[in-house]
Amino acid sequence: MRNGKAAHGRPLKGTTLNGIHKAASLMFDHAKKAGIITVNPCDIVDTPSRDAWEKKRLTGAAAQKLIGELDPAESMECAIALCVTLGLLRGEAVSLSWEDVNFEDHIVTVRHSFDKFGNLKAPKTASGVRIRPMSACTEEALRRREAALIEEYGPNAPGVARRRTRTASCACFRQDRSSRTSSLTAPTPTT
């Protein structure tokens, strides 16, 4: 099958073949347990290996160019800046709250992540909770995001008032941790 062509005219990828092998193996195991067959033919052949894609990363110059073109006042562009400057995953960047950022000590603490369903979750391992040093570029992006929140919602913007009353905590992107929306987008103001 790997050398043959699929309906779209191209050879099947290893990941697709691996999935087909798993599904067929389950089906034949069920038939074997039911007494329809005596041997699972999938046990005789090697399981196709999944494709390994080469990871691509930005060069330093490309990363600086990208950061230079972003407007951190916009929520998602701030998230991209955090991903690039702090090495965060998408779910980690959007789960940050102002309590995770410490402007005094120039650190960002990664404690949570959003899963693909929008649920806030703790890291799978203890090493998933980590403290990242905040560069001047990251601090500038966060301060611009804070200023945008203040401009949009006033001095009582979600999390900003809390930061002013608590030293060393950061501005909150989300109103509360139970929110299922992106943490980098401020909630709709209540009237």
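Nearest heavy atoms, Leu120 versus Phe114: N-CD2, 3.6 Å. The two atoms that bring Ala141 and Cys78 nearest to each other are O-SG, 4.1 Å, heavy atoms only. Of all heavy-atom pairs between Gly14 and Pro48, the closest is O-CB, 4.4 Å. In plain terms, the two heavy atoms of Ile67 and Cys137 that are nearest each other are CG2-SG, 3.4 Å.
Distance check, rounded to the nearest 0.5 Å: CG of Asn18 to CG of Asp51 gives 9.5 Å. Here the straight-line distance linking atom NE2 of His30 with atom CG of Asn40 works out to 12.5 Å at 0.5 Å rounding. Rounding to the nearest 0.5 Å gives a distance of 12.5 Å between NZ of Lys22 and CG of Leu17. In this structure, NE2 on His21 lies 11.5 Å from OG on Ser49, to the nearest 0.5 angstrom. A distance of 10.5 Å separates NE2 in His112 from CG in Leu96, rounded to the nearest 0.5 Å. Distance check: Lys116 NZ to Arg90 CZ gives 11.0 Å after rounding to the nearest 0.5 Å.
Every residue meeting the salt bridge (Lys or Arg N to Asp or Glu O under 4.0 Å) condition with Arg130, not counting sequence neighbours, appears here in chain and number order: Glu92. Taking Arg144 as the reference, Asp71 meet the salt bridge (Lys or Arg N to Asp or Glu O under 4.0 Å) condition, with sequence neighbours excluded. Residues meeting the salt bridge (Lys or Arg N to Asp or Glu O under 4.0 Å) test with Glu140, sequence neighbours left out: none.
Looking only at side-chain heavy atoms (C-beta outward), His106 and Pro133 stay at 4.5 Å or farther from each other. A heavy-atom distance below 4.5 Å is found between the side chains of Leu82 and Leu142. By the 4.5 Å heavy-atom criterion applied to side chains, Arg132 and Thr138 are not counted as neighbours. Side-chain contact between Leu70 and Val84 is absent, with no heavy-atom pair separated by less than 4.5 Å. In this structure, Leu89 and Val110 have side chains that are not in contact, with every pair of non-hydrogen atoms separated by 4.5 Å or more. The shortest side-chain heavy-atom distance between Thr109 and Asn102 does not fall under the 4.5 Å cut-off.
Tracing side-chain contacts under 4.5 Å through hydrophobic residues (I, L, V, M, F, W, Y), one never reaches Ile20 starting from Met27; they form parts of separate clusters. Clustering ILVMFWY residues whenever any of their side-chain heavy atoms sit less than 4.5 angstrom apart, transitively, puts Val39 in a cluster other than the one holding Val45.
Residue-environment remark: CG (Asp46) stays at or below the threshold of 12 foreign heavy atoms within 6.0 Å.
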